[in-house]
There are 2 protein chains.
Amino acid sequence: MSPSARRTGRPRSAEADRAILVATRAALVELGWAKLTLGDVAARAKVAKTTLYRRWASKCELVVDAVAAVFDEQLEAGDHGSLHADVEAAVIRLGALLERPETGTALMAVLAEAMHDETLRCRVRSAIVDRQKRLVTLGRERARLRGELPCEEDPGTSARNADLIFDAVAGTVLHRLMVSAEPVDPRWARDFTDLLLYGMTGADSGGATAAGPAPDGAQKPAGSV
Amino acid sequence: MSPSARRTGRPRSAEADRAILVATRAALVELGWAKLTLGDVAARAKVAKTTLYRRWASKCELVVDAVAAVFDEQLEAGDHGSLHADVEAAVIRLGALLERPETGTALMAVLAEAMHDETLRCRVRSAIVDRQKRLVTLGRERARLRGELPCEEDPGTSARNADLIFDAVAGTVLHRLMVSAEPVDPRWARDFTDLLLYGMTGADSGGATAAGPAPDGAQKPAGSV
DNA sequence: GAGTTACGCTACGACTCGTAGCGTAAGGGT
DNA sequence: ACCCTTACGCTACGAGTCGTAGCGTAACTC
């Protein structure tokens, strides 16, 4: 239907698409969400304002696509050899992604707007959230094969735990950057990973937090108290 | 200076203040951040538009105050007898607060806008964030007195850990509600608390996650694997 | 070449913004 | 009681943005 309806006529300029998304991110950094106008984006992208309106119905949808493109570039889930290393790498990668001013600002603004727009919320979920969540599932699967996590018979429990982990990782990194306005540096990433794996009690007492060089790296048993 | 400058003349109507903040929250729920206009807020509050502009310079500052008032109402840190119970209570309380549509929407929008406005960011921090963060410090202090957490000599380490815990709690709850759009129900609060205290490894294997009624309640040792 | 679709450009009505000006209301100082 | 000071309500205004319509042209398919 979609391909048959558009197999004829002048095709949409792919370069215009890219220029618009780039301009959207640039304008977002410079002006912020509130002062971002579609007219300004069109001027930066050197396209007519009408072209913009022909493709995106609202400012929200445009920004979602602009941000999703950045997330797609950064989507990967390499195997770092241990659950600890995998989590730490994910934290640093997500932190680097959200530290880019365009990404963080845009994501927050879109999420705020999505509270009132179910369509927009679905769009955000499919374009950004679900693809990131898949990485959590993959990482846990690898950890289970390594014997770092127990097998779970109940798929419901497994899904719930994956959701919980995802909320914890993404939410904490987001909060660190957006609310606390502190950087996701290697030390914090390690501290947070320790917290996730071993909990408040274990991480605080294990001596792997402050001055020590964390000699155990990736193989700290849970009952280390 | 401020009190001396305003000790004479007609005082500002305190009721108008309250009406404006109430109207702001109501309009935020109904219209969302993008479509929220100060003119509309003024009409709802039954005050002149000029009165609004005399007190708040921008939409952001108005919304910050409107949200901060709600946070103030809910600020408490009761002693629930154990670290586990304290954390779980805080999660549920924060969840209930952010589940109110006005609060979550407004907070996200203001945070997004604060990325470009250092003044606004400071305002958010002092009005909302820092007051919540104090609860974390208090809870950890109590846990230390109970012997649930080890003493920390280094104040820098202690502060870093408190910040980390705060980001983890607030960020995860926020993400669960705003991004995943799932409720903070008692089961999730318990699962998340287990994760925070005992880590991924401990919480997953302890059997306190899925169907069981969690018979141990608040006294699960860290080395329960 | 004919048909179809996208693009750039211009112009437009509708709307909101934030401010200025004026007269009136509500307190404090003597 | 009187004046002074400040806040309030109301109206009106220029400035700016919004999203759309109309037209001629460019690009691609059959």
Side-chain angles (χ1 to χ4, degrees), chain A residues 1-24 26-28 30-65 109 113 116-117 119-120, chain B residues 1-24 26-28 30-66 109-110 113 116-117 119-120:
Chain A
M1 175 160 165
S2 174
S4 69
R6 284 188 187 161
R7 72 159 180 260
T8 181
R10 176 176 174 175
R12 288 190 169 173
S13 164
E15 185 173 2
D17 262 351
R18 277 187 287 106
I20 290 172
L21 295 182
V22 169
T24 301
L28 210 48
E30 198 169 315
L31 304 173
W33 168 269
K35 294 183 180 175
L36 176 69
T37 69
L38 291 197
D40 193 54
V41 171
R44 286 166 190 259
K46 300 196 190 307
V47 299
K49 199 172 58 165
T50 44
T51 300
L52 249 165
Y53 281 103
R54 286 192 190 103
R55 305 191 185 187
W56 287 278
S58 75
K59 189 162 86 170
C60 284
E61 301 187 6
L62 171 61
V63 173
V64 171
D65 285 0
E113 218 52 44
H116 301 271
D117 187 340
T119 306
L120 184 61
Chain B
M1 176 161 168
S2 174
S4 69
R6 285 188 186 160
R7 73 163 178 259
T8 180
R10 175 177 174 175
R12 288 188 168 174
S13 164
E15 185 173 3
D17 263 350
R18 276 187 288 107
I20 289 172
L21 294 182
V22 169
T24 301
L28 210 49
E30 197 168 316
L31 304 173
W33 168 268
K35 293 183 180 175
L36 175 69
T37 70
L38 292 196
D40 192 54
V41 171
R44 285 166 191 259
K46 299 196 189 307
V47 300
K49 199 172 57 166
T50 44
T51 300
L52 247 166
Y53 281 102
R54 287 193 189 102
R55 306 191 185 186
W56 287 278
S58 74
K59 190 163 85 170
C60 283
E61 302 187 7
L62 170 62
V63 173
V64 170
D65 285 0
V110 169
E113 218 52 43
H116 302 272
D117 188 340
T119 306
L120 184 61

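Within every chain, numbering begins at 1; the chains are lettered A, B, ... in the order of the sequence lines, protein sequences first and strands thereafter.
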Is it the case that the base of [N] and the side chain of [X] share a donor-acceptor contact (distance under 3.5 Å, atom types as modelled)?
| X | N | answer |
| --- | --- | --- |
| A/Lys49 | C/dG8 | no |
| A/Thr50 | C/dC9 | yes |
| B/Arg54 | C/dG18 | no |
| A/Arg12 | C/dA6 | no |

Problem set entry | Given C/dG27, D/dT29, C/dC17, the nucleotide with the shortest approach to the side chain of B/Tyr53 |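 From the listed options, C/dC17 comes nearest.
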Exercise. Between C/dC9, D/dG19, D/dA27, which nucleotide has the shortest distance from any of its atoms to the side chain of A/Ala48?
Worked result: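 For A/Ala48, the side-chain atoms sit closest to C/dC9.
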Could you tell me how far apart [X] ([atom1]) and [N] ([atom2]) are, to the nearest whole angstrom?
| X | N | atom1 | atom2 | answer |
| --- | --- | --- | --- | --- |
| B/Trp56 | C/dC17 | CH2 | P | 16 Å |
| B/Asp17 | D/dA7 | CG | C1' | 12 Å |
| B/Leu62 | C/dC17 | CG | P | 12 Å |
| A/Arg10 | D/dG24 | CZ | P | 17 Å |
| A/Leu52 | D/dT17 | CG | C1' | 14 Å |
| B/Asp40 | C/dT16 | CG | C1' | 11 Å |
| A/Leu36 | D/dG19 | CG | P | 11 Å |
| B/Ile20 | D/dG9 | CD1 | C1' | 13 Å |

For this session: For side chain to side chain contact (heavy atoms under 4.5 Å, CB included), just list the numbers for B/Cys60 and B/Trp33, CA-CA rounded to whole Å, side-chain angles, deciding distance to a tenth of an Å, and then say yes or no.
Result: CA-CA 10 Å; B/Cys60 283; B/Trp33 168 268; 3.7 Å; yes
Exercise. What's the verdict on side chain to side chain contact (heavy atoms under 4.5 Å, CB included) for B/Arg12 and B/Asp17, showing C-alpha distance, side-chain angles and the deciding distance?
Worked result: CA-CA 8 Å; B/Arg12 288 188 168 174; B/Asp17 263 350; 5.6 Å; no
For this session: Decide yes or no on side chain to side chain contact (heavy atoms under 4.5 Å, CB included) for A/Thr51 and A/Arg54, but give the supporting numbers first.
Result: CA-CA 5 Å; A/Thr51 300; A/Arg54 286 192 190 103; 3.8 Å; yes
For this session: For the pair A/Glu30 and A/Arg44, find out whether any cationic side-chain nitrogen is under 4.0 Å from an anionic carboxylate oxygen.
Result: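 Answer for the salt bridge query: yes.
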Exercise. OP1, OP2 of D/dG9 versus side-chain N and O of B/Thr51: anything below 4.0 Å?
Worked result: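 Yes, within the criterion.
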Exercise. What pair of heavy atoms forms the shortest contact from B/Val41 to B/Ala23, and how long is it?
Worked result: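 The pair with the smallest heavy-atom distance is O-CB, 3.8 Å.
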